[in-house]
Structure formats: structure tokens, C-alpha cells
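Fair warning: this is a prediction, and the values are worked out from it, not measured in the lab. What you see below is based on every heavy atom in this structure, not just the backbone, and it leaves out hydrogens, waters and symmetry mates.
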Amino acid sequence: MPLPQPAPHDAGVLDTFPNPYPGRDFEITFECPEFTCICPKTSQPDFAVLTIRYVPDQLCVELKSLKLYLWSFRNVGAFHEKVTNDIASDLLKLLRPRKFEIVGDFKVRGGITTKVTVRAP
């Protein structure tokens with residue numbers, strides 16, 4: 001059965017579940033090696049490895065919803081800096097974690113790689 005396709009940059013697909021240990025600090029790390037979006041200048045695909053790390057407070061993000069959310073960027077034309085910050089903003093708003101970091105490690109394009117890091121306490 002095919003998965004439902006989210007609308008471009010659709011934070012509405014994100015879902016959460018209660019932190020099973022809200023009294024304890026622990027770090028969750030996701031590595032997303034197949035992230036894609038579109039270059040707003042050339043309309044060619046951009047490829048990146050996203051690494052998301054956070055210390056949850058009351059909520060954790062559900063993985064299937066995170067996957068669908070990241071897929072929603074496949075047809076979004078935006079610079080690497082915007083895409084990484086948009087994802088950070090959506091996850092910070094949803095989760096309100098104790099600590100958060102996302103690294104967008106974008107692959108070579110025209111001989112240049114880009115790494116964008118967003119951190120929040």
C-alpha cells in the first residue's frame with residue numbers, strides 16, 4: 001500500500017507520543033541520509049544527510065510522521081539555510097525539547113558543499 005504523500009513542507013503530518021521518561025535527560029539522534037529538496041535557482045535536486053539530535057521534555061516525535069514530513073521537502077525550492085531552519089522551527093515548536101540540534105550536510109554542488117547547523121538550548 002503506497003504511503004500518503006504530504007503537501008510541500010507539511011508540518012501537519014508530524015505526530016508525537018509522550019516521553020516515557022520525562023524526569024530523565026536522554027538524547028535521541030536521527031540520521032536521515034536521503035533528504036532531498038530543490039535548488040530554487042536551478043530547480044535541480046539537492047541531496048543532504050540530516051542529523052537531528054534532541055533531549056525531549058514531554059514529547060517525542062513519531063518516526064513515520066518525521067519521515068513523511070521530511071519527504072514533504074522533496075518538491076520545495078529553498079536554499080539550504082532556509083530548509084534547515086524551517087525544519088528546526090517546526091520541530092522546536094512541536095516538541096519544545098530541552099536541547100535541540102539539526103545539521104544539514106548538503107552534498108557537493110558546483111564544487112562546494114554546505115553544512116548548516118541550528119542549535120537551541
For [X] and [Y], work out which heavy atoms get closest and say how close.
X: C37; Y: V83; value: SG-CG2, 4.1 Å
X: C60; Y: Y54; value: CA-OH, 3.3 Å
X: F35; Y: L70; value: CE1-O, 3.8 Å
X: L59; Y: P56; value: O-CB, 3.4 Å
X: I102; Y: A88; value: CG2-CB, 3.9 Å

Residues V61, F30; criterion side chain to side chain contact (heavy atoms under 4.5 Å, CB included); working and verdict: CA-CA 10 Å; V61 68; F30 303 122; 3.5 Å; yes
Student check: side-chain heavy atoms of [X] and [Y] closer than 4.5 Å:
X: H9; Y: Y69; value: yes
X: I87; Y: V118; value: no
X: T51; Y: D105; value: no

Atom pair CG/CD of L50 and E31 - distance to nearest 0.5 Å: 9.5 Å
Point-to-point distance, once rounded to the nearest 0.5 Å, from CZ of F17 to CG of L63: 7.0 Å
Would you list the pairs meeting salt bridge (Lys or Arg N to Asp or Glu O under 4.0 Å) in which at least one residue belongs to residues 42-60, sequence neighbours left out? D46-R109, R53-E101, D57-R98
Greater than 12 external heavy atoms within 6.0 Å of F26's CZ: yes
Checking D86 now: which residues fulfil salt bridge (Lys or Arg N to Asp or Glu O under 4.0 Å) with it, not counting sequence neighbours? K82
